[in-house]
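I have placed the structure first, in the form of structure tokens, so that the comments after it can refer back to it.
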Amino acid sequence: MFKNHPKGLLAASLANMGERFGFYTMMAILVLFLMTKFGLDEKSAGVIYSIFYASIYLLALVGGLIADKTRNYKGVILIGLLLMALGYVIIAIPTATPVPPDKFVILLALSCFGLFIIAFGNGMFKGNLQALVGQMYDNPQYSKMRDSGFQLFYMFINVGAIFAPLLAVGVRNWWVEKNGYLYNADLPALAHQYLGNTITPEGTTRLQTLASEVGFSGTDLAAFSSGYLNVFTTGFHYAFAVAIVAMIISLIIYVFNKNGFPDPADKRIDHSGNAAVVEMDIKEIKQRLYALFAVFAVVIFFWFSFHQNGLTLTYFAKDYTDLSQIRVNLGFATLQGAEIFQSINPFFVVFLTPIIVGFFGWLRAKGKEPSTPRKIAIGMGIAALAYVVMAIGSVGLPLKSEVDAMGGLADSARVTPWLLIGTYFILTVAELFISPLGISFVSKVAPPKYQGIMQGAWLGATAIGNALLFIGAIFYTSISMTGTWLVFVTACIISMFTMLAMIKWLERIAK
């Protein structure tokens, strides 16, 4: 698989895989943790999630700037790994739930501070490692393999992401079961409603029914609600601790291979092997930067739609999907929960990457491979199709407010898990046309002395899209499910046609 690729690609991919394992362990459960721990509604949790997700990518711009200024890319990457490990430690420490009113602000602030530390560390790590990988392909010997190299690098990210949500769910459910209860997706919200005196009569009846189903034999629903919430969120905290272990593994891999990696701060090497400083005409630099920023502006709409997988699509899995159809008994714990769907996208990335790489290789051999900008435009059209599937599959579902009033839907009134699985399959195809190839495009077009900051700017564009994610949560709670998904169909179609309108100019710049 790594034949004809630079020697350092595998080590860089493995280091990134460990870091991503920890990151996706956290991201799989983050928004539901915020709702369960602090009793936040979908909109409030969505705002925090959006700000955090945006900060991850926005701070990559800062990380790229720091690396470009200090010319110490490898050192900045190392600091990023250490900061992320510290952030996971902060959010992994269990605290009392339900959160006492007098400690609500400080505990929420502490959690947000931990998230900020993770985001800042990620910003130091992510873009600069991508710049380091891009440096490997500046050697003419490997230049033609740049796109496929980044696709392989991207695939390894998702190897870790496949198992991260499963482990997070397993650890959470293990703790719930260890304390005599069973998992139920609707109970945390009902428990908060009961303790906050906002529950409807229908909700109270459903709370009583579900409490007995998960193992509660008493009559004091207040005691059950407090106990269930405490056990549930402590399980989340222990799941966050898994990310610490993953970061340590990533750190070890990186440190042991650090000296063998190229350094974007080094002088470029020409085909004869002689050191040569690449000086680029100011006019060409401007043209390249204009092209990059044009692409950055377009992909904002895509990321606004695609990264709903951790927000509105996770809400949909919890509220509208029949989770009883996905239940695996491991003996020590049961794998069941809305978070499991977060494993589907990375699974398809790993499964489909060799197929798509092979398909593009076949087209390349025939001289018919689409340009990188054209691949990105096609990917945006495919993403629109994914949300069309969601829109059709959601026809006839009740409004979120109606579901809340009922205390949740019965399994018979929920949709099949195959709706989300099919949607994630299509979204993954779109992702493979956009994300790794976008990184490749940036590394190819960015002027040599702006490699780090341009990789950061690519992630900065993603940050803006992520900052808008909460809009999806607003639509989710305010309009029909079909209407919500059509918003993202529109965003992806706008992205596709805008990209196609610039295609000839971008292809000229990329050459």
Spell out, as yes or no, whether a donor-acceptor pair under 3.5 Å connects the side chain of [X] to the backbone of [Y].
X	Y	result
Tyr424	Asn309	yes
Thr372	Phe441	no
Ser250	Ala15	yes
Glu339	Ala168	no
Asn128	Gly63	yes
Ser480	Gly483	yes
Thr36	Leu32	yes
Ser343	Ile162	yes
Glu402	Leu399	yes
Lys318	Leu313	no

Spacing of [X] atom [atom1] and [Y] atom [atom2] [to the nearest 0.5 Å]:
X	Y	atom1	atom2	result
Ile77	Leu82	CD1	CG	12.5 Å
Ser495	Trp303	OG	CH2	11.0 Å
Ile426	Met390	CD1	CE	11.0 Å
Ile51	Leu115	CD1	CG	11.0 Å
Tyr320	Arg414	OH	CZ	10.0 Å
Ile376	Met496	CD1	CE	14.5 Å

So do the side chains of [X] and [Y] get within less than 4.5 Å of each other, counting heavy atoms only?
X	Y	answer
Val295	Pro373	no
Val133	Asn16	no
Pro165	Thr25	no

Please confirm whether Lys43 makes a cation-pi placement over Phe470, using NZ or CZ under 6.0 Å from the six-membered ring centre and within 45° of the ring normal.
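Pair Lys43/Phe470 does not count as cation-pi.
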
Carefully, step by step, assess Thr477 and Glu42 under the rule side-chain hydrogen bond (donor to acceptor under 3.5 Å, both in side chains).
CA-CA 7 Å; Thr477 55; Glu42 287 81 5; over 6 Å; no

Salt bridge (Lys or Arg N to Asp or Glu O under 4.0 Å) between Glu369 and Lys375, intermediate numbers included:
CA-CA 9 Å; Glu369 183 182 16; Lys375 291 174 186 175; 2.7 Å; yes

Counting only heavy atoms from other residues, nucleotides and ligands, does the tally under 6.0 Å from [atom1] of [X] exceed 12?
X	atom1	result
Phe475	CZ	no
Phe301	CZ	no
Phe360	CZ	yes
Trp418	CH2	no

If we count only N and O atoms by modelled type, under 3.5 Å, do the side chains of [X] and [Y] hold a donor and an acceptor together?
X	Y	result
Gln342	Thr314	yes
Ser44	Asp41	yes
Tyr57	Asn122	no

Do [X] and [Y] have ring centres separated by under 6.0 Å?
X	Y	answer
Phe33	Phe240	yes
Phe348	Phe425	yes
Phe316	Tyr476	no

Could you check whether the rings of Tyr49 and Tyr53 sit parallel, tilted or perpendicular, using 30° and 60° as the cut-offs?
perpendicular

Parallel under 30°, tilted from 30 to 60°, perpendicular over 60°: which one fits the rings of Phe293 and Phe296?
perpendicular

Under the criterion side chain to side chain contact (heavy atoms under 4.5 Å, CB included), which of Ile494, Val388, Val389 is the partner of Val489?
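Among Ile494, Val388, Val389, the one that satisfies the side chain to side chain contact (heavy atoms under 4.5 Å, CB included) with Val489 is Val388.
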
Looking at every non-hydrogen atom in both residues, tell me the closest pair between Gly80 and Met124 and how far apart they are.
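Scanning both residues completely, I find the closest heavy atoms to be CA-CB, 3.7 Å.
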
I would like to know whether Ser111 and Phe38 meet side-chain contact (heavy atoms from CB on, under 4.5 Å); could you show each step before the answer?
CA-CA 10 Å; Ser111 295; Phe38 300 103; 3.6 Å; yes

Check against side-chain contact (heavy atoms from CB on, under 4.5 Å), Tyr450 and Ile285:
CA-CA 10 Å; Tyr450 296 124; Ile285 290 176; 4.1 Å; yes

For Ile253 and Met17: C-alpha separation, side-chain torsions, deciding distance, then whether side-chain contact (heavy atoms from CB on, under 4.5 Å) applies.
CA-CA 10 Å; Ile253 294 172; Met17 182 177 72; over 6 Å; no

Applying salt bridge (Lys or Arg N to Asp or Glu O under 4.0 Å) to Glu19 and Lys126, what does each step give before you reach the verdict?
CA-CA 9 Å; Glu19 182 274 328; Lys126 189 176 178 66; over 6 Å; no

For side-chain contact (heavy atoms from CB on, under 4.5 Å), just list the numbers for Thr462 and Phe306, CA-CA rounded to whole Å, side-chain angles, deciding distance to a tenth of an Å, and then say yes or no.
CA-CA 10 Å; Thr462 312; Phe306 179 78; over 6 Å; no

Can you tell me which residue among Gln287, Lys286, Arg288 is in a side-chain hydrogen bond (donor to acceptor under 3.5 Å, both in side chains) with Glu284?
Arg288

